[in-house]
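Written below as structure tokens is the structure these notes are about.
Remember, predicted model here, so these are calculated numbers, not experimental data. Every number for a ligand or one of its atoms is a count from 1 in the order of the listing.
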Amino acid sequence: MTTATDAAVTELAGLLGRARAGIAFTGAGISVESGIPHFRGKGGLWTKFDPYKVAHIDTFRQDPAQYWTYSLNHRRTDAEPNPAHRALVDLERRGHLRAVVTQNTDGLHQKAGSSQVVELHGTSHGVVCLDCEQRFPRAQIDRLNREHCPPSCPACGGAFLKPTVVLFGEALPTEALQEAQSLALAADVMLIVGSSLQVYPAAAIPRLALEHGAELGIVNAEATPFDGRASVVIYGKAGEVLPQVVSQIAAG
Ligand code: NAD
Ligand code: ZN
């Protein structure tokens with residue numbers, strides 16, 4: 001196990017500094033320091049809520065009110081990018097990252113300024129009606145939800161408004177998955193940040209990169225199933241470790 005020692009930071013800076021087709025692969029852990037809780041592991045939401053009840057498509061279809069009540073009480077709309085998101089922007093501008101492939105739905109990579117973001121699990125900033133398929137901005141439906149929970153579709157009156165995120169039991173968006181796969185195939189380095197790497201098919205992306213010759217660097221608070229195959233693993237907070245890595249690269 002490596003903690004964020006100077007040596008480990010230097011090693012990761014070296015790995016990324018050499019990258020010509022680097023990709024970041026991020027999970028909920030990168031947004032924890034922005035105040036958005038993650039799911040698995042220490043302090044994760046799944047220690048408090050049953051994922052099947054809150055985030056499975058079958059339960060959602062049976063009872064959307066359960067999701068919208070949860071959203072009313074727990075959704076953060078004021079989250080800002082943290083130093084980890086900004087470090088990835090810096091790495092992109094320096095030419096060491098081509099894109100960010102994320103499992104997050106919070107939009108914080110885009111808000112920070114990353115220009116190539118592939119959202120494997122959709123975005124929480126939109127809502128779709130499962131009856132008439134019309135899409136709406138999340139803010140509009142959040143307003144309706146505060147007036148009457150659960151909200152109904154402003155276009156058709158239907159009762160099945162779903163956030164445009166991928167729930168458990170749903171397929172990943174084909175285009176995003178294909179884009180992530182081709183980025184992984186071409187990657188020389190994959191920087192994994194804040195992911196338990198336990199959620200499939202998303203976690204197949206780092207595996208694909210590894211099998212096609214990429215080196216992995218991992219920054220996560222806890223151990224992951226990929227640690228043994230990574231070139232560098234740092235256990236620590238993304239918002240603390242990544243800015244140190246960028247400073248090392250900047251210092252040459
Ligand atoms: P996960 O919850 O399975 O794992 C998060 C990992 O981040 C854990 O291993 C944890 O130890 C680590 N972590 C926690 N705080 C950290 C920090 N400050 N720095 C570095 N690492 C930290 O998350 P996952 O792998 O992304 O999979 C969960 C699924 O939940 C994803 O599919 C994602 O779509 C969804 N999700 C998204 C958000 C979001 O958009 N911000 C939030 C929660 C869940
Ligand atoms: Zn509708």
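- At least one heavy atom of Glu33 sits closer than 4.0 Å to an atom of ligand 1.
- For Gln116, the CD atom sits in a loose shell: 12 or fewer heavy atoms of surrounding residues, nucleotides or ligands are nearer than 6.0 Å.
- In the vicinity of Gly27, heavy-atom distances shorter than 4.0 Å reach the ligand 1 atoms 26 (O).
- Proximity of His121 to ligand 1, defined as any heavy-atom pair under 4.0 Å, is confined to the side chain (atoms from C-beta onward).
- At the Zn ion (ligand 2), the angle from SG in Cys153 to SG in Cys129 is 110° when rounded to 10°.
- In summary, the atoms of ligand 1 found under 4.0 Å from a heavy atom of Ser31, numbered by their order in the structure, are 41 (N).
- By the criterion of a heavy-atom distance under 4.0 Å, the backbone of Pro37, and not its side chain, is placed next to ligand 1.
- The option from Ala238, Ala221, Gly239, Gly107 that lies nearest to atom 13 (N) of ligand 1, judged by heavy atoms, is Ala221.
- Remark: Ile23 CD1 to Ile205 CD1 distance equals 10.5 Å, nearest 0.5 Å.
- Atoms of ligand 1 found under 4.0 Å from any heavy atom of Gly194 (numbered from 1 in listed order, with element): 5 (C), 6 (C), 7 (O), 21 (N).
- Of the N or O atoms in His38, none lie within a sub-3.5 Å distance of an N or O in ligand 1.
- When rounded to 10 degrees, the angle formed at the Zn ion (ligand 2) by SG (Cys132) and SG (Cys156) equals 110°.
- Heavy atoms of Ser195 found under 4.0 angstrom from ligand 1 belong to the backbone as well as the side chain.
- Residue contacts with ligand 1, taken as heavy atom pairs separated by less than 4.0 Å, involve Asn104 via backbone and side-chain atoms alike.
- By the 4.0 Å N-to-carboxylate-O rule, Glu170 lies close enough to Lys162 to be salt-bridged with it.
- Interatomic distance, Ser34 OG to Leu108 CG, rounded to the nearest 0.5 Å: 5.0 Å.
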task = Could you walk me through whether Gln103 and Phe25 pass side chain to side chain contact (heavy atoms under 4.5 Å, CB included), step by step?
result = CA-CA 8 Å; Gln103 301 167 85; Phe25 179 86; 3.4 Å; yes
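- Only side-chain heavy atoms of Val199 come within less than 4.0 Å of ligand 1; its backbone N, CA, C and O stay farther off.
- The residues Glu80 and Lys111 are annotated as salt-bridged, a charged nitrogen and a carboxylate oxygen being separated by less than 4.0 angstrom.
- For Gly236, the heavy-atom gap to ligand 1 drops under 4.0 angstrom.
- For the pair Asp90 and Arg94, the salt-bridge criterion is met [side-chain N within less than 4.0 Å of a carboxylate O].
- When each of Thr224, Asn220, Asp227 is paired with Tyr235, the side-chain hydrogen bond (donor to acceptor under 3.5 Å, both in side chains) condition holds for Asp227 and for no other.
- Counting all heavy atoms, side chain and backbone alike, Cys153 lies closest to Cys132 at SG-SG, 3.8 Å.
- Nearest heavy-atom pair across Ala24 and Leu97 is N-CD2, 3.7 Å.
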request  = Report the C-alpha separation of Thr102 and Leu120 in whole Å, then their side-chain angles, then the decisive distance to 0.1 Å, and conclude whether the side chain to side chain contact (heavy atoms under 4.5 Å, CB included) test is met.
outcome  = CA-CA 6 Å; Thr102 189; Leu120 284 177; over 6 Å; no
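- Below 4.0 Å from some heavy atom of Val32 lie the following atoms of ligand 1, by number and element: 14 (C), 15 (N).
- Geometrically, ligand 1 and Lys237 share no nitrogen or oxygen pair separated by less than 3.5 Å.
- Near Ser196, the atoms of ligand 1 lying under 4.0 angstrom from a non-hydrogen atom of the residue are 1 (P), 3 (O), 4 (O), 5 (C), 6 (C), 9 (O), 25 (O).
- Listed by atom number, the atoms of ligand 1 under 4.0 Å from Glu222 heavy atoms are 10 (C), 11 (O).
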